[in-house]
Number of protein chains: 2
Amino acid sequence: MTEEDVSGMQRFKVGELVVDPGTPILLEGSNSPQLFTLLHGMGLRYRHLENGERQVINFVFPGDFLGLQAGLMGVMGHSVEATTKMTLCVFDRKELWSFIKADPERGFELAWLAAVEEHFLGESLTTVGQRTALQSIAWMFVRIYLRLKASRTSIDGTMRFPFKQRDIADALGLSLVHTNKTIGILKSRQLLGWTGDDIQIYDLDKLASIGLTTLADPKIRPIM
Amino acid sequence: MTEEDVSGMQRFKVGELVVDPGTPILLEGSNSPQLFTLLHGMGLRYRHLENGERQVINFVFPGDFLGLQAGLMGVMGHSVEATTKMTLCVFDRKELWSFIKADPERGFELAWLAAVEEHFLGESLTTVGQRTALQSIAWMFVRIYLRLKASRTSIDGTMRFPFKQRDIADALGLSLVHTNKTIGILKSRQLLGWTGDDIQIYDLDKLASIGLTTLADPKIRPIM
DNA sequence: CGAATGTTTGACTGGAGTCAATGAGGGTGG
DNA sequence: CCACCCTCATTGACTCCAGTCAAACATTCG
């Protein structure tokens, strides 16, 4: 980003927001007047089915932009909730249009962000639809590890992971019990460790192999 | 769109392309020099897993924009293939940037397109992850029917559906056999009919109810 | 010390997958 | 004109991966 961009961002920026774990940030079906960039902390995007089932769309990490759908379409397709304490950079939805108008490249970047999200969702859909439980879980840890590594949030094989097995189960369309037993298999094979809120990746290659995935360069994420 | 927009589109447009059924339009992992708008015909977006399994990302209908990911990120996250004969409006990827620069609103619209796709993918993910086979299939027919109805391609309860049960199975993460038997249930309950390439929706409300979905207004699709 | 939340295990069930064979149409070449 | 083939839809029998139920542990916390 150029300095001009940054100053433009600053004008667009309304302030910072700190929320406690469990706080809902955005609600499915609503039209938030604000958009956010996650500066610190982690959370979840999810949707609820009418029968109460929850699908975790994906995990939210620092650098992620929240509220794009509301900003563009006027309605959120999913909810976003803080899992840990979060620090958010707040933008004003009303300013989004003038922000884009000021520099066409910003519209391009916004579209890029949305396209990247779409890309990840396509991967997740493929996982939930075609991978077995073991493959899914191995795939997910690899994906998350690479994502965190790309943003230098993981240190030599260890990453912070404040989520519960329930969240993983809901993300992969598996039952909690089966998720637990399947993670147990990976742990017993010495491929990963999970202590408290930290996960250790012992054998990334093996995990990637089980998860039927390659270790290609993770896509660069534009940060807004 | 204003007339100015249309003339801008015309300059962006390279020509028209007609392809036969089965023709690959875009390839996962590739960077197509061209982008398309589907004018006529239907097709599929899909990804392949390393073990050969196929996940159908979604069905492609007239008005859909193809190649957005390649245009924005430089790589397609999925392949696109023609199921019927197709007529495509062809754009030049190289011109995309100048196209956006000419009018910031276009960048906004592009982002909108991507956000709409993201929204649908989130819905699909929820379906594959949380709905039962019967719910999934009912949901899918409702979704497709509403989509086609919105573009006036369906006539009072009947729609053209040139896809195979294999495609539906791959879209919902179900086996072919189970998909067939589940569709059989809906047919035996007189909720829908399927003759050749045409599907009749006999009881939309009932289907929506089974599919755990509401009949909210389908989102307006910007056409590029 | 309960109470709450989350993880583990074991036993059993069932929805969906696999295998395999039969139909049902549509082309096509002899 | 029809036997042959190919693709796709349909069925039945059987299997199994993952879901459900339920109880025991483990941690944290007021």
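For the numbers below, each heavy atom of this structure counts, side chains included, while hydrogens, waters and symmetry mates do not. In what follows, chains carry the letters A, B, and so on, assigned in the order in which the sequence lines appear, proteins first and then strands, with residues in each chain numbered from 1.
Summarising the geometry, the separation between CG on A/Asp197 and P on D/dA26 is reported as 20 Å, rounded to the nearest angstrom. Atoms CG (A/Leu172) and C1' (D/dC17) sit 15 Å apart, rounded to a whole Å. Between the CZ atom of A/Arg166 and the C1' atom of D/dT20 there is a distance of 12 Å, rounded to whole Å. Atom-to-atom, CZ of A/Phe161 to C1' of C/dG6 comes out at 14 Å; the value is rounded to the nearest Å. Straight-line distance from the CD atom of A/Glu53 to the C1' atom of D/dG19: 11 Å, rounded to whole Å. Rounded to whole angstrom, the span from the CD atom of B/Gln130 across to the P atom of D/dA18 amounts to 15 Å. The nearest whole Å value for the distance from the NE2 atom in B/His178 to the P atom in D/dC17 is 17 Å. With rounding to whole Å, A/Ile168 atom CD1 is found 13 Å from C/dG6 atom C1'.
For B/Gln165, the side-chain atoms get nearest to D/dA9 when compared with the rest of D/dA9, D/dC21, C/dT8. Minimum atom distance to the side chain of A/Lys181 is reached by C/dT9, of the listed D/dA13, C/dT9, C/dA16. Minimum atom distance to the side chain of A/Lys164 is reached by C/dG6, of the listed C/dG6, C/dA16, C/dT9. Listed nucleotides D/dA9, C/dT7, D/dA18 differ in distance to A/Leu174; the shortest reach to its side chain belongs to D/dA18.
Contact check, B/Asn180 against D/dA9: no side-chain N or O comes under 4.0 Å of OP1 or OP2.
Side chains of B/Gln55 and B/Tyr46: no donor on one and acceptor on the other come within 3.5 Å. Checked by atom type, the side-chain pair A/Thr195/A/Gln200 shows a donor-acceptor distance below 3.5 Å.
With B/Arg45 as reference, B/Leu66 is the one residue of B/Leu66, B/Val56, B/Leu121 to meet the side-chain contact (heavy atoms from CB on, under 4.5 Å) rule.
At the heavy-atom level, B/Leu176 lies nowhere under 4.0 Å from the strands shown. Counting any heavy atom pair closer than 4.0 Å across all strands shown, A/Gly173 reaches sugar-phosphate atoms only and no base atom. The residue B/Thr182 sits apart from the nucleic acid: no heavy atom pair falls under 4.0 Å.
In this structure, the side chains of A/Leu26 and A/Phe36 come closer than 4.5 Å at one or more pairs of heavy atoms.
For NE2 of A/His48, the number of neighbouring non-hydrogen atoms (other residues, nucleotides, ligands) closer than 6.0 Å is greater than 12.
Residue whose closest nucleotide on DNA chain D sits further toward the 5' end, between A/Ser175 and B/Ile183: B/Ile183.
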